[in-house]
Amino acid sequence: MIDLLPLPEDRFACPCGAELAVQGFTLPGMFVFALTLCPACRRRFLSRLHVDFASTIEFHCDIDSGEVHSTAPGWYHNQLLTALGSRDRKPPPIDRQTRRPLGPDVIIVNALDVIYGHCLHKLFSCSAVKDIAGVSVLAIVPDFLEWLVPGSIDEVWVVREQERAHFCRWNAQVALDVAQLAAGRSRLRYLDLAWNQTVRIQDYSSVAPRNAGIGPARVTVSWREDRCWTLRGRSLPKEEALAEQLRLYTLLLETLRQHIPDLRAHVVGYGSYGEFPSWTQDLRLEQHDPAVERAWAKVLGKSHLCIGVHGSNMIIPTAHAARTIEIVPPDKWLTVAVTWEFLNTMKASDAMTRYRLLPDSASLSDIAWVALVQIRRDQQRALGHAMQHAASPREALALRVEFDDVQTLPRPIVCRDERGEPL
């Protein structure tokens, strides 16, 4: 957390080497800048505060010449340049929702970002401030996260951009509204990413997590079309990769169903390529729809397992499903810790058994076997809990007999293609 009033609590070095004097701030959307002045060379800068992602980088834009001094990595540097280059654009609509009047001490939670997972991490940081007495909390969120804003937030500003990529653009209306907010406050703070807080996902989605029970077995596929699962991770053109992904998920579900006849399957996520088996409930979307996304959370909360390619799309599933499998491409192993808010609160033994990271080079048979084990292990856990809390030994025995099939596993299974070849 960093104070913005009376001046941002941050320090910056001018490109000439002198320490910059902080004179104020502006928050025009995704980024927050300090207004700085060099006492030596007299240049004025927009200096990005050391908060949020890439918090250690230096970025200064000379207000008069437009010259940029940056140590940011390419992806972040380009987003900052996009913000600076769009200062003259007409801002998109903002829907201001006041739940409770803001007091004199306000904390800003800024969940605007171009990356869906970054937006979630910023929003989940709300959990770090919900129990601070005497403060009001303002959340600035993209429209696609409006349904997840917890009830503890006092005021919500919903920014309605046409595309997620536009959230890094300069938003003069947000900057103006924040400046007006600051004018009437004794203290204004900016909530940085909270890395070790305890997050209760039900505070956000209103859905109880890991509520699958003994049966019937439920598996959910988290679908995405910009990063596809292909056999042993082979590189394919986009259309072929989509066809391969549909084929692999279908073979996976059909194989699991051979061993779990009462298996129920759902598909969530964005896209519409192809058709899944008729016994699978396809809940995919082309465009954001909060009602359907709430339904996704409910389905995930009752899922024994969710499986999908690693990325932002696996954060909400990991928060809700009893167990997950992430299929990880080689270039994504550096960013696998995308679900820290929920794994940090668990014992290591629980996290290691509930969540599996598998390389996309693994065989379909290996992935199917791990999926079957994950489903059965959670059913066994639920059965053990039910037997432990049974009213009598006879009732516990009846449960053991009724669910005898969940207590044993076959030999490691083999998935085969349409020609009978093992995959």
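Computed over heavy atoms, backbone and side chain alike; hydrogens, waters and symmetry mates excluded. Predicted model, so just to flag it, every value in this text is computed and none were measured.
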Report the C-alpha distance between Q407 and L383 in whole Å, list the side-chain angles of each, state the deciding distance to 0.1 Å, and finish with yes or no for side-chain contact (heavy atoms from CB on, under 4.5 Å). CA-CA 9 Å; Q407 299 171 66; L383 175 59; 3.7 Å; yes
Identified ring-ring contact (aromatic ring centres under 6.0 Å, His included) partner of F31 from the options F59, Y190, Y76: Y76
Just by distance, no angles: are the side chains of R377 and Q380 close enough, under 3.5 Å, to form a donor-acceptor pair? no
When C119 is tested against each of L148, L112, D113 for side-chain contact (heavy atoms from CB on, under 4.5 Å), which residue passes? D113
Could you check V267, L300, L283 and say which one makes a side-chain contact (heavy atoms from CB on, under 4.5 Å) with T220? L300
Step-by-step side-chain contact (heavy atoms from CB on, under 4.5 Å) determination, S205 to I316: CA-CA 9 Å; S205 67; I316 295 297; over 6 Å; no
If you measure from the Lys or Arg side-chain nitrogens to the Asp or Glu carboxylate oxygens, is any gap between D154 and R99 under 4.0 Å? no
Give a yes-or-no answer on whether the side chains of Q97 and E146 include a donor-acceptor pair shorter than 3.5 Å. yes
State whether a side-chain donor-acceptor pair under 3.5 Å links E286 with S272. yes
Under the 3.5 angstrom rule, does the side chain of K302 hit a backbone N or O of R218 as a donor-acceptor pair? no
Given the side-chain rings of H50 and F12, with only the six-membered ring counted for Trp, is the space between their centroids under 6.0 Å? yes
Does any N or O in the side chain of R48 come within less than 3.5 Å of the main-chain N or O of F33, such that one atom is a donor and the other an acceptor? no
Decide side-chain contact (heavy atoms from CB on, under 4.5 Å) for T255 and L252; before the verdict, give the C-alpha distance in whole Å, the side-chain angles of both, and the deciding distance to 0.1 Å. CA-CA 5 Å; T255 300; L252 172 68; 5.8 Å; no
D3 with R187: basic N within carboxylate O range, under 4.0 Å: yes
State whether the side chain of R227 and the backbone N or O of H310 hold a donor-acceptor pair below 3.5 Å, judged by distance alone. yes
Are side-chain N/O atoms of H320 and S303 paired as donor and acceptor at under 3.5 Å? no
Does K238 use its side chain to pair, donor to acceptor, with the backbone of E225 at less than 3.5 Å? yes
How are the rings of F53 and H121 set to each other: parallel, tilted or perpendicular (split at 30° and 60°)? tilted
Could you give the distance from CD (E326) to CE (M314), rounded to the nearest 0.5 Å? 4.5 Å
Look only at the side chain of S222 and the backbone of N313, and say whether a donor-acceptor pair between them is shorter than 3.5 Å. yes
Mind running salt bridge (Lys or Arg N to Asp or Glu O under 4.0 Å) on D378 and R210 for me, showing each step along the way? CA-CA 10 Å; D378 200 70; R210 295 182 285 280; over 6 Å; no
Hey, could you give me the CD/NE2 distance between Q281 and H266, rounded to the nearest 0.5 Å? 4.0 Å
Could you tell me whether R257 sits above the aromatic face of W279, with NZ or CZ closer than 6.0 angstrom to the six-membered ring centre and within 45 degrees of the axis? yes
Heavy-atom pair of closest approach, residues W229 and I367: CZ2-CD1, 3.6 Å
Centroid separation under 6.0 Å, is that true for the rings of F276 and W223? yes
Any side-chain donor paired with an acceptor under 3.5 Å for E58 and T71? no
Does one side chain, of S70 or H77, offer a donor that lies under 3.5 Å from an acceptor on the other? yes
Determine whether the side chains of Q374 and H304 contain a donor N or O and an acceptor N or O closer than 3.5 Å. no
Neighbour count >12 (heavy atoms, 6.0 Å) for atom CG, D88: no
